[in-house]
Amino acid sequence: MKAIVQDAYGSADLLELREIERPVPREDEVLVEIRAAGLGPEVWHLMTGRPLVARAVLGLRKPKNPVRGWDGAGRVEAVGSKVTDFKPGDEVFGNCEGSFAEYACANASKIAHKPANLTFEQAAALPVSAMTALQALTGTARPKPGQKVLVIGASGGVGCYAVQLSAMHGAEVTGVCGPGGADFVRSQGAAHVIDYTTEDIAAGPHRYDIVIDNAGQRPLPVLRRVLAPRGTLVIVGGEGGTAMFGGLSRGLRAVLLSPFVGQNLRNLVSVARREDLLTLKDLAENGKLVPPVDRTYPLAEAAEAIRHLEKGHPRGKLVITV
């Protein structure tokens, strides 16, 4: 089968389209014929092996799984002996490690049946990003009607879903994005937009009940300054920071400080769960959540897609078609 493979950590220049053996599913896995695969920052982290601390899981010297991709959508080709929820021919979406390939194996607990009203490309744009946004907006960060929510990185994969979900709950959403992204962020449900190149989010009098930070560049004191005295901050992922720890150190500082201040400071590292995929499936089928696909790339151009992710500011999700 054809797959996008890398033999060492590094830039997109190391990615190669190769013929490799088709994977064989374990007893609790399904083999998926991939039709489309989502592309987000998680793929960049897998490719570069950064932050370096992540290599304890990804592989110390080189990737344990040389095939890139993390989430996808397609049809079930075969099932393991202990899989009872899926059968060959089922259309599915979810966490499929190594999804930049014609086939990939997925743990049956991390996939779900594809939303009937979505294309494979749209379904592939949901799993990692929408699930992360969904998990960010839980507990004390669950928006209520009339609350003020600030989403930093609102035009990106996680951010656009955070805007949609917050607006769906009746919150007044302000999205932070770069030049040219305002119309897109408003189309996702934001009532207000801040261009971070011309405005300081902490300069005005506004204080927000919930702040979702997907960008990873602003210091914790700045984020706390725009947060209401009893508000909730959710730092998503490990962007920015040092080569060793990335943005994880900032998230750890937030968690350690939280018990000593009135604000609730959280750090989120999302986990693939079928229950969340089923929630996303229901929201998509009822028209409450719409996957925004910025552009698609064929499998052979996966490296170019990653370069676009690195350089630009995609409006929503990038998708690899297979």
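Just so you know, residue 1 is the first one in the sequence shown, and it goes up from there.
Judged by distance alone, with hydrogens and angles left aside, the side-chain atoms of R142 form no donor-acceptor pair with the main-chain N or O of H169 at under 3.5 Å. A donor-acceptor pair under 3.5 Å links the side-chain atoms of Q135 to the main chain of V271, judged by distance alone. In this structure, S258 contributes its side chain and A254 its backbone to no donor-acceptor pair below 3.5 Å. Side chain of E42 to main chain of G40: a donor-acceptor pair is present (N/O by atom type, distance under 3.5 Å, no hydrogens or angles). No donor-acceptor distance shorter than 3.5 angstrom exists from the side chain of D294 to the backbone of L318, with no hydrogens or angles considered. Remark: side-chain polar atoms of N117 are paired, donor with acceptor, to backbone N or O of A284 under 3.5 angstrom. Looking at Q147, its side chain does come within 3.5 Å of a backbone N or O of K144 through a donor-acceptor pair. Between the D71 side chain and the G94 main chain, no donor and acceptor come within less than 3.5 Å of each other. In terms of modelled atom types and a separation under 3.5 Å, the side chain of S99 and the main chain of N95 share no donor-acceptor contact. In this structure, D90 contributes its side chain and V76 its backbone to no donor-acceptor pair below 3.5 Å.
In this view, K64 satisfies the side-chain hydrogen bond (donor to acceptor under 3.5 Å, both in side chains) rule with no residue, not counting sequence neighbours. Not counting sequence neighbours, the partners of R273 by the side-chain hydrogen bond (donor to acceptor under 3.5 Å, both in side chains) test are D276. With sequence neighbours left out, the side chain to side chain contact (heavy atoms under 4.5 Å, CB included) criterion links K288 to M168, L283, N286. By the side chain to side chain contact (heavy atoms under 4.5 Å, CB included) test, A305 is found to be paired with L39, Y297, I320, residues two or more places apart in sequence or in another chain being considered. By the side-chain hydrogen bond (donor to acceptor under 3.5 Å, both in side chains) test, E285 pairs with K281, sequence neighbours left out. The side chain to side chain contact (heavy atoms under 4.5 Å, CB included) search around D85 returns R274, not counting sequence neighbours. When the side-chain hydrogen bond (donor to acceptor under 3.5 Å, both in side chains) test is applied to E16, the partners found at least two apart in sequence or on another chain are R18.
Applying the under-4.5 Å side-chain rule to Ile, Leu, Val, Met, Phe, Trp and Tyr, the cluster around V24 consists of that residue alone.
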*Between L252 and N267, is a side-chain contact (heavy atoms from CB on, under 4.5 Å) present by the stated rule, with each step listed?*
CA-CA 7 Å; L252 179 59; N267 183 66; over 6 Å; no
_Worked verdict on Y161 versus L289 for side-chain contact (heavy atoms from CB on, under 4.5 Å)_ = CA-CA 8 Å; Y161 288 119; L289 194 68; 3.8 Å; yes
*side-chain contact (heavy atoms from CB on, under 4.5 Å) between L265 and L227: does it pass, once the steps are laid out?*
CA-CA 10 Å; L265 311 177; L227 191 63; 4.1 Å; yes
*Begin with the C-alpha distance, continue with both residues' side-chain angles, and end with the deciding distance and a verdict on side-chain contact (heavy atoms from CB on, under 4.5 Å) for R218 and V176.*
CA-CA 12 Å; R218 290 169 180 81; V176 181; 3.9 Å; yes
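Across every non-hydrogen atom of V222 and A202, the tightest pair is CG1-CB, 4.3 Å. Summarising the geometry of K317 relative to S129, their closest heavy-atom pair is NZ-OG, 3.0 Å, with the distance given to 0.1 Å. Counting all heavy atoms, side chain and backbone alike, V151 lies closest to G159 at CG1-O, 3.7 Å. The shortest heavy-atom contact between V173 and S166 is CG2-CB, 3.6 Å. Residue G175 comes nearest to A154 through the heavy atom pair CA-CB, 3.6 Å, listed as atom of the first residue, atom of the second, then distance. Shown here for R266 and V255, the closest heavy-atom pair between the two residues is C-CG2, 4.5 Å.
To the nearest 0.5 Å, atoms CD1 (I4) and CE (M47) are separated by 12.0 Å. Here the straight-line distance linking atom CG of L277 with atom CG of D282 works out to 12.5 Å at 0.5 Å rounding. To the nearest 0.5 Å, atoms OG1 (T174) and CD1 (I152) are separated by 11.0 Å. Atom OG1 of T132 and atom CD1 of I212 lie 11.5 Å apart (nearest 0.5 Å). Atom CD1 in I111 sits 10.5 Å away from atom SG in C105 (nearest 0.5 Å). To the nearest 0.5 Å, the span separating CD1 on I201 from CG on L223 amounts to 6.0 Å.
Taking 4.5 Å as the limit, every side-chain heavy atom of K87 sits out of range of all side-chain heavy atoms of V79. Using a 4.5 Å heavy-atom cutoff, the side chains of M1 and P23 are in contact.
A single hydrophobic cluster is seen to contain both I235 and V261, as judged by linkage of ILVMFWY side chains at heavy-atom distances under 4.5 Å, directly or through other members. Put simply, V236 and L134 are part of the same group of oily side chains (I, L, V, M, F, W, Y) that touch within less than 4.5 Å, one to the next. Hydrophobic clustering, with ILVMFWY side chains joined whenever heavy atoms are under 4.5 angstrom apart, groups L309 together with L299. In the hydrophobic clustering of ILVMFWY residues, with side-chain heavy atoms under 4.5 Å counting as a link, L268 and V149 come out together.
For residues 93-114, the set of pairs meeting the ring-ring contact (aromatic ring centres under 6.0 Å, His included) definition, not counting sequence neighbours, comprises F86-H113. Applying the side chain to side chain donor-acceptor pair (under 3.5 Å) rule to pairs touching residues 29-38 yields R26-E29, sequence neighbours excluded. Applying the salt bridge (Lys or Arg N to Asp or Glu O under 4.0 Å) test to every pair with at least one member in residues 104-114, sequence neighbours left out, gives these pairs: E91-K114.
Salt-bridge annotation for R307 and E304: present, with a side-chain N of the basic residue lying under 4.0 Å from a carboxylate O of the acidic one.
Heavy-atom contacts from other residues, nucleotides or ligands closer than 6.0 Å to CD of E19 number more than 12. Under a cut-off of 6.0 angstrom, the local environment of CG in D200 is crowded, with over 12 non-hydrogen atoms contributed by other residues, nucleotides or ligands.
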Please report, to 0.1 Å, the donor-acceptor pairs under 3.5 Å made by any side chain of residues 186-195, with sequence neighbours excluded.
{"residue": "S187", "atom": "OG", "partner": "F184", "partner atom": "O", "Å": "2.5"}
{"residue": "Q188", "atom": "OE1", "partner": "Q164", "partner atom": "NE2", "Å": "2.6"}
{"residue": "H192", "atom": "NE2", "partner": "E172", "partner atom": "OE2", "Å": "2.8"}
{"residue": "D195", "atom": "OD1", "partner": "T197", "partner atom": "N", "Å": "2.9"}
{"residue": "D195", "atom": "OD1", "partner": "T197", "partner atom": "OG1", "Å": "2.6"}
{"residue": "D195", "atom": "OD2", "partner": "T197", "partner atom": "OG1", "Å": "3.3"}

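T140 and T232 form a side-chain donor-acceptor contact under 3.5 Å, judged by distance and modelled atom types alone.
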